[in-house]
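Everything quoted here is computed from the prediction, not taken from an experiment. Both backbone and side-chain heavy atoms feed into the values below; hydrogens, waters and symmetry mates do not. Chain letters run A, B, ... following the sequence lines, proteins first and then strands; every chain starts at 1.
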Amino acid sequence: MSGGGCSIVWFRRDLRVEDNPALAAGVRAGAVVALFVWAPEEEGHYYPGRVSRWWLKQSLAHLDSSLRSLGTSLITKRSTDSVSSLLEVVKSTGATQLFFNHLYDPLSLVRDHRAKEFLTAQGIAVRSFNADLLYEPWDVNDAYGRPFTTFAAFWERCLSMPFDPEAPLLPPKRIFSGDVSRCSSDPLAFEDESEKGSNALLARAWSPGWSSADKALTTFINGPLIEYSKNRRKADSATTSFLSPHLHFGEVSVRKVFHLVRIKQVLWANEGNKAGEESVNLFLKSIGLREYSRYLSFNHPYSHERPLLGHLKFFPWVVNEGYFKAWRQGRTGYPLVDAGMRELWATGWLHDRIRVVVSSFFVKVLQLPWRWGMKYFWDTLLDADLESDALGWQYISGTLPDGREFDRIDNPQFEGYKFDPNGEYVRRWLPELARLPTEWIHHPWNAPESVLQAAGIELGSNYPLPLVEIDAAKARLQEALTEMWQLEASSRAAIENGTEEGLGDSSESTLIAFPQDIQMEENHELPRNNPPTTRCYEDQMVPSMTSSLVRVEEETSMGLRVLAEESRAEVPADAVVNQEPRRDLLNQGTMQTIHRNTLPHHNTPGLQHAVEDSTAESSSSTRREWDGGIVPVWSPSPSSYSEQFVGDENGIGTSSSYLQRHPQSHQIMNCRQLSQTG
DNA sequence: TTTGGTTTCAC
DNA sequence: TGAAACCAA
């Protein structure tokens, strides 16, 4: 308890007392002030949706009561700028230390880095920890020390790391409370009146909070886990772990999950239980995907906004809000898709398989911009998670090096018979089809008139005809791809001719503005007109969190030097433009700066200009290419990335014929420019 | 055991 | 779609 100064433990998405390294460090250091800052405006577009906020509310209440039983309580602050709130709490409690656990989404990386820089400058000792991953992203590299770009290789490496993930920490026995007599909590409003009714229903199915999370984990491991591989292909199965929302808010530690599952694995291996082992591997793989989503987000901070494969920026998406609405309402005419969308709307939950079905339909059949779909998921899913959803949508869209082929369309009719062979799932969520025999349940448009009549269905009236025919979708997809490759080719030609300005800006397709009515009519509380916050954090760095990070910091500095030539790798305290005169951080932090660019623009040119204005003269042509691109801006080692994708034209994943046919697709945007400027 | 046809499932 | 696993002769 050095000199009476207490520590602030800043809770974010680590709402647990067990295996919480930041909390443990705080307790070890003496008196603790537990703090949660609610600053949703910082999330820009990704203001949490109704169900997500409901969960957060419950979870915080639960955490608070746990902390109370341990000797302290949770201080809550309502803020538009987390960093200044932190400072305020430091001032009012006399804290001398700040502890928190790492997050890896782009916004948090920037904010946390800023927090660290700023508070350190104020004389506060800031330390941060890994509480969310088995391994920190910068610890997992290939034989050449470069980040992986495919999941399989990444996960294989994780499972064979030379050191095990940290063992979970026990919860503290007792917490000495810091002096909060001059630090009051703000009341936090997570729902408005119109939402309360819908939210009340959620409580019947879910109970947020770390102890429920723990219970869910135990239940799953001792029950459904062993059948996981058998059951995972059913649309309906009650055999998923249902851990994802708990994991999203960090109510249960992924390391604990991993350790407990490993114990079962050993047990079943000894018993020669093949199915059990297989199940464990599959379940761990889904944990691995979660890890990988953070890994991707860390290495490619744009991955929630832009395709990782650059050529996709030329894809002519169908900007059709009517389609979008039909999809959201579950009125596409494809029963499995519609059932899924109705379930999502009604419950905030969707089985993993069905997420694949509806999102694949969205991207491949409707050819709507995937960010719209991802945003809708964000708004409606109980376990909405930016990194995981970005990975999922990019995978589905075929915009990852190891994603599905872009030109492949899955037929919802066949998927229907695969995942819902008896049509039970469809009947549950589409009562209008309840009386249709299984033979036709997944393709009512083929059913004889007499069958439809008997089932009380009038296609086009009480259930829609297919919004888009699969064959038509295939044809249109081919055309779109042809167009995409042509655009891509002429862009390359332009670049090679030295007229880089060329088509560099044709990236509008990747940043089509969100439609105004992205929410279902019933849900109207979302903030409007938040501009995409893309590119606002481009000159920020990786979190330079732990001492083990020195290497990363160096490499990042290199990257930054390349990016912003004039700045010698000092971390810009201002997230947006280090070219601009520094402003008083306290009053004009990151988000204010972003909002300064809040011009109401609904098309990309406006957006481009808004951003370019702010980046002022630094927008050299190269830089602009960059701005339009998906470059890992503060990737830990941008230079090695560029080698990987530019030096080797066949790039990674030569096994995929699709990629062979389109070797350009290996390039994760613009790394060429990156290496050239360096 | 080899071979070739079929099934499965992709992050 | 296509690589890998599977299976039947």
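Here dA10(B) presents its P atom at 14 Å from CD of Glu405(A), a figure rounded to the nearest Å. If you take CZ of Arg408(A) and C1' of dT1(C), they are 7 Å apart, rounded to a whole angstrom. Computed from coordinates, the Leu391(A) CG to dA10(B) C1' distance equals 13 Å when rounded to whole Å. In this structure, Glu291(A) atom CD and dC11(B) atom C1' are separated by 14 Å, rounded to whole Å. Distance, Asn411(A) CG to dT1(C) C1': 15 Å, rounded to whole Å. Per the geometry, CG belonging to Leu309(A) stands 15 Å off P belonging to dC11(B), to the nearest Å. Regarding Asp389(A), its CG atom lies at a distance of 13 Å from the C1' atom of dC11(B), rounded to whole Å. In this structure, CG of Asp410(A) is placed 14 Å from C1' of dG2(C), rounded to the nearest angstrom.
Among the protein residues, Asp352(A) comes within range of the nucleic acid bases, having at least one heavy atom under 4.0 Å from a base atom. Nucleic acid contact class of Leu289(A) (heavy atoms, under 4.0 Å, all strands): base.
Glu136(A) and Tyr104(A) form a side-chain donor-acceptor contact under 3.5 Å, judged by distance and modelled atom types alone.
A close approach under 4.0 Å does not occur between any side-chain nitrogen or oxygen of Arg353(A) and OP1 or OP2 of dC11(B).
Judged by ring centres under 5.5 Å apart and planes tilted less than 30 degrees, Tyr395(A) stacks against the six-membered base ring of dC11(B).
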Pair up each side-chain donor or acceptor in residues 360-367 of chain A with any protein partner under 3.5 Å, not counting sequence neighbours, and list the distances.
{"from": "Lys364(A)", "atom 1": "NZ", "to": "Ile396(A)", "atom 2": "O", "distance (Å)": "3.4"}
{"from": "Lys364(A)", "atom 1": "NZ", "to": "Glu405(A)", "atom 2": "O", "distance (Å)": "3.2"}
{"from": "Lys364(A)", "atom 1": "NZ", "to": "Phe406(A)", "atom 2": "O", "distance (Å)": "3.3"}
{"from": "Lys364(A)", "atom 1": "NZ", "to": "Arg408(A)", "atom 2": "O", "distance (Å)": "3.1"}
{"from": "Gln367(A)", "atom 1": "OE1", "to": "Arg476(A)", "atom 2": "NE", "distance (Å)": "3.2"}
{"from": "Gln367(A)", "atom 1": "NE2", "to": "Lys364(A)", "atom 2": "O", "distance (Å)": "3.2"}
{"from": "Gln367(A)", "atom 1": "NE2", "to": "Ala473(A)", "atom 2": "O", "distance (Å)": "3.2"}

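Look at Arg16(A) and Asp214(A) and you find no salt bridge, because none of the NZ, NE, NH1 or NH2 atoms lies under 4.0 Å from a carboxylate O.
Applying the salt bridge (charged side-chain N to carboxylate O under 4.0 Å, His left out) test to Arg290(A) and every residue at least two apart in sequence or in another chain returns Asp132(A).
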